[in-house]
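Have a look at the structure below, then the notes.
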Amino acid sequence: MPRSVVIDWGDGSYPETVSVDKGTFTHEYPPGGPYNITATAADDGTQATATTPMIPCQDYYGYSASALAASPGACVRPLVVSTRLTGEKQDHVVVSIVHPEGEQDTVAVIYKDGAPVAQSAPVGGGGSGDTAPLGPLPPGTYLAKACQAEPDNNAFPAQCCEAGEGVAFTVPTTA
């Protein structure tokens, strides 16, 4: 799991390096947007980047990233920062998630051709972490997105999912 993440808040301010052990990050925005937040994590010499658009929500204290949301008043949106194939056939995936300002459990949802096909067990307590391996997945190209866990944890999340494209990965064809 990455130990730190560089966050470019997308508003012209300097990128900020934050410890994933902290679990929550705050940033004050000027009015306007949308802004494209980019989180970049380094893991064992490799680097992965995820970008998500957001419009800051206005509260009593002003504009804040405390609701990394695609629309004002919506929920906090976690980010997938990397994926890693595992298993003997490289057909399982581990997803690293950052959940800025989140207190709810987070799950990774795996999509193929726009439809959800798998969901991880929750990464507890918001913050950041790696999912348990998901799979086996048939060969093909997939997209991993992070979502706040639904209260019943039985259905694919219907809202509060990463607003960006997510992170694509490919399960190879086995020989």
What are the two closest heavy atoms between I110 and A144, and how far apart are they?
CD1-CB, 3.8 Å

Across all chains, not counting sequence neighbours, the side chain to side chain donor-acceptor pair (under 3.5 Å) partners of T86 are none

Work out which heavy atom in L143 is nearest to a heavy atom in A168; give both atom names and the distance.
CD1-N, 3.8 Å

Sorted by chain and residue number, the ring pair (Phe, Tyr, Trp, His ring centres under 6.0 Å) partners of Y111 (sequence neighbours excluded) come out as none

Got a second to check how far Q90's CD is from R84's CZ, nearest 0.5 Å?
10.0 Å

When you measure from the side chain of T131 to the backbone N and O of V94, does any donor-acceptor pair fall under 3.5 Å?
no

How long is the span from the SG atom in C147 to the CD1 atom in I97, to the nearest 0.5 Å?
8.5 Å

NZ (K89) with more than 12 external heavy atoms under 6.0 Å
no

Qualifying residues under side chain to side chain contact (heavy atoms under 4.5 Å, CB included), relative to P138, sequence neighbours excluded
Y142

Any donor and acceptor pair, going by atom type alone, linking the side chain of T106 with main-chain N or O of Q148 inside 3.5 Å?
no

Looking only at non-hydrogen atoms, find the nearest pair between T83 and F169 and report the distance.
OG1-CB, 3.6 Å

Interatomic distance, D91 atom CG to L85 atom CG [nearest 0.5 angstrom]
8.5 Å

Are any non-hydrogen side-chain atoms of P157 and Q119 less than 4.5 angstrom apart?
yes

Distance, nearest 0.5 Å, that separates CG of L134 from OG of S120:
5.5 Å

